[in-house]
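Report on one structure; see the data block that follows.
The structure presented is a predicted model; accordingly, all values stated were derived computationally and were not measured.
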Amino acid sequence: MTRREAISRTAFLLGIPTIIGAEAFISGCTPKRNIFNEPDFSPEKIAFLDEVGETILPTTPSSPGAKAAQIGEFMKVIVTDCYEENDQKIFMEGLGQINEKSRQDFGKDFVELSAEDKLTLLNSIHDEMNAYNDTKKKGDPNHYFSLVKQLTLWGYFTSEIGSTKALNYLPLPGKYEGCIPYQKGDKLWAAI
């Protein structure tokens with residue numbers, strides 16, 4: 001299996017038709033970029049992304065959440081090295097929009113909200129994203145939350161923590177079993 005097929009299958013398993021920036025990642029190429037316009041990922045923004053990721057994929061009794069997988073650092077690398085300039089801009093502006101909506105709805109920055117309020121906020125943004133995607137025409141820009149959510153899922157489930165703690169993991173070598181019984185509620189198998 002090629003790396004392109006593996007990422008495509010991962011995207012399919014996660015319910016993502018395509019992952020923004022995956023072509024550059026798969027080919028190992030960095031898109032042309034202007035180093036003077038590179039996104040500013042300060043430690044505060046990385047911590048902010050960790051909080052957003054942790055709200056999307058929280059820690060549970062059986063597995064650590066996105067923050068433990070250092071999802072903010074993953075997003076920084078992919079957005080900086082693999083995203084086209086337009087998607088970088090949408091992503092960075094979207095971070096400000098999350099905080100702006102948090103201040104409008106709750107009177108606080110996102111990181112100051114309770115876990116419950118963070119989830120409520122991201123669910124409302126998710127609903128906005130779905131409404132946008134329902135009317136999106138070919139060539140329209142991606143919704144910023146699509147980018148954030150894709151990177152959270154991609155980064156988490158391809159991290160060591162996500163692959164070994166959240167998913168069932170069987171290190172190689174091992175025998176191939178094409179049909180493994182699955183009961184509702186069982187962990188999915190890592191495809192790495």
Can you check side-chain contact (heavy atoms from CB on, under 4.5 Å) on L151 and I71, steps first, answer last?
-> CA-CA 8 Å; L151 287 177; I71 204 67; over 6 Å; no
List the steps and the verdict of side-chain hydrogen bond (donor to acceptor under 3.5 Å, both in side chains) for N142 and D87.
-> CA-CA 7 Å; N142 297 300; D87 284 327; 3.1 Å; yes
Show the numbers, then the answer: is there a side-chain contact (heavy atoms from CB on, under 4.5 Å) between F110 and L95?
-> CA-CA 10 Å; F110 182 80; L95 301 183; over 6 Å; no
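Remark: D109 engages R103 in a salt bridge (Lys or Arg N to Asp or Glu O under 4.0 Å) (not counting sequence neighbours). With sequence neighbours excluded, the residues that form a salt bridge (Lys or Arg N to Asp or Glu O under 4.0 Å) with K101 are D105, E128. A search for salt bridge (Lys or Arg N to Asp or Glu O under 4.0 Å) contacts involving E54 returns nothing, not counting sequence neighbours. Under the rule for a side-chain hydrogen bond (donor to acceptor under 3.5 Å, both in side chains), Q104 has no partner lying at least two apart in sequence or in another chain. Remark: K165 pairs with no residue by the side-chain hydrogen bond (donor to acceptor under 3.5 Å, both in side chains) rule, at least two apart or across chains. In this view, F41 satisfies the ring pair (Phe, Tyr, Trp, His ring centres under 6.0 Å) rule with no residue, not counting sequence neighbours. Residues forming a side-chain hydrogen bond (donor to acceptor under 3.5 Å, both in side chains) with T60 (at least two apart in sequence, or on another chain): S62, S63. Remark: K76 engages no residue in a salt bridge (Lys or Arg N to Asp or Glu O under 4.0 Å) (not counting sequence neighbours). Scored by the ring pair (Phe, Tyr, Trp, His ring centres under 6.0 Å) test, Y132 finds H143 as partners (sequence neighbours excluded). For D40, the side-chain contact (heavy atoms from CB on, under 4.5 Å) criterion is met by S42, K45, not counting sequence neighbours. By the side-chain contact (heavy atoms from CB on, under 4.5 Å) test, T164 pairs with E160, Y169, sequence neighbours left out. Looking at residues two or more places apart in sequence or on another chain, you find no side-chain hydrogen bond (donor to acceptor under 3.5 Å, both in side chains) involving S102.
One hydrophobic cluster, built from ILVMFWY side chains closer than 4.5 Å, cannot hold both V148 and V77; they sit in different ones.
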